[in-house]
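Got a structure here, written out as structure tokens. Questions coming.
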Amino acid sequence: MAYITLKDINKIYPNGFHAVHNFNLEIEKGEFIVFVGSSGCGKSTTLRMIAGLEDISKGDFLINGQRANEWGPREREVAMVFQSYALYPQMSVYDNLAYGLTLQGVDEDVIEEKVLKTAKILGLTDYLDRLPRALSGGQRQRVAVGRAIIRKVGIFLMDEPLSNLDAKQRVTMRSEITQIHRETGATTIYVTHDQTEAMTMADRIVVMKDGYIQQVGTPYELYFHPANLFVAGFIGEPPMNFIRGKVTGGALHFGETKLDLSKKLGAKLSEYEGKELVFGFRPESIVLGQQKDAYVVSCMVELTEMLGDNTNVYITAGEDKAILKVDPHDTPEIDAPLTFSIPYENVYLFDGHTENVLG
Ligand code: ADP
């Protein structure tokens, strides 16, 4: 039995806006789940329904197999970390960490033990006497995380907890939160709009768009087996390249290059004649020059960006544009022709209408 079950969960706000549609998910104990998607897709709404901060309009929410729709946050045993740290400014780090337990009437000795243990996990031992204003953004966020993990809760909910931090602090906190999850083993649901955070932290990712789940899967599954065009374009940086067109004579055109789709579709090719398809390939999945068992494409180099570990190459082929990711030592000349190969196995085809992956 799953620890948390969301069955056909819907949220319709009082103004009639339908923010979440038939959300279905089973979460196992100890999993680290990330909800990802662009702003406004319904991630926070779903998280707040799980937290008990927002009514569930329709559907069943179960904890350990028991219907929990009407339970309050305390009964659900959830702790939540928000984007704003919400620390008490006049209290020391120690008191901020201890506050929840003090309210619950926990013994001073027990509180001290827990505060010291939590501070150790989070590297806050040397800062216990400080006030929040004397901490860096990253340290404040750690206190906020500490306040949540110090209580023994079953479900740990985080809503964009790193978005107030600078890029470097985000990377550090990302691995710290993963580490804390490993140590505490707490079931965690984490909301972010950042696909890198999702990919690096999650056991499983839920990709959302306009209130609908697009796909649920491990980072590996989403990257290598995207269910549709949206997921394919959302996961990966730079994003997957798409060449859209109508199939004519069994092929699509990428600039001057004819892409013979029989290589991908085999006997099913005739079904797609005259239909609109999208040909997708990742910037990093190409090989420079001509290769066997690959689509060989001729193009012009428009711009290059040397990033150190790789170079992004912006190319044009007729009306089509794409980005290639190459070894910095192979950075090509700008305004010069270039030939590259896309191995057949690295190509994805999507239905131009439903936008679902084929095959
Ligand atoms: P996300 O967390 O993915 O950015 P939200 O869950 O916050 O998205 O919001 C989803 C959609 O619901 C948005 O279009 C938002 O404007 C709308 N929404 C959020 N709260 C309310 C509310 N109280 N009343 C009406 N619409 C809301």
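Below, each value reflects all heavy atoms present in this structure, side chains not excepted, and no hydrogens, waters or symmetry copies. Remember, it's 1-based here, ligands and their atoms both numbered in the order they're listed.
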- For residues Gln214 and Asn228, is any side-chain donor paired with an opposing acceptor at under 3.5 Å? yes
- Message: I'd like the residue list for ligand 1, meaning every protein residue with a non-hydrogen atom under 4.0 Å from the ligand.
- Response: Tyr13, Asn15, Phe17, Ala19, Ser38, Ser39, Gly40, Cys41, Gly42, Lys43, Ser44, Thr45
- Item | Sequence neighbours excluded - salt bridge (Lys or Arg N to Asp or Glu O under 4.0 Å) pairs with any residue from residues 332-357 | Arg244-Glu355
- Can a donor-acceptor pair be found between the side chains of Tyr3 and Glu31 at a distance below 3.5 Å? no
Just distance, no hydrogens or angles: give the donor-acceptor pairs under 3.5 Å from side chains in residues 108-132, sequence neighbours left out.
| unit_1 | atom_1 | unit_2 | atom_2 | d |
| --- | --- | --- | --- | --- |
| Thr118 | OG1 | Lys114 | O | 2.8 |
| Tyr127 | OH | Gln139 | NE2 | 3.3 |
| Arg130 | NH1 | Ala134 | O | 3.0 |

- Checking Thr311, Val287, Thr304, Asn310 against Val326 for side chain to side chain contact (heavy atoms under 4.5 Å, CB included), the one that qualifies is Thr311
- Please list all pairs passing the salt bridge (Lys or Arg N to Asp or Glu O under 4.0 Å) test where one or both residues lie in residues 48-57, with sequence neighbours left out. Lys11-Glu54, Arg48-Glu54
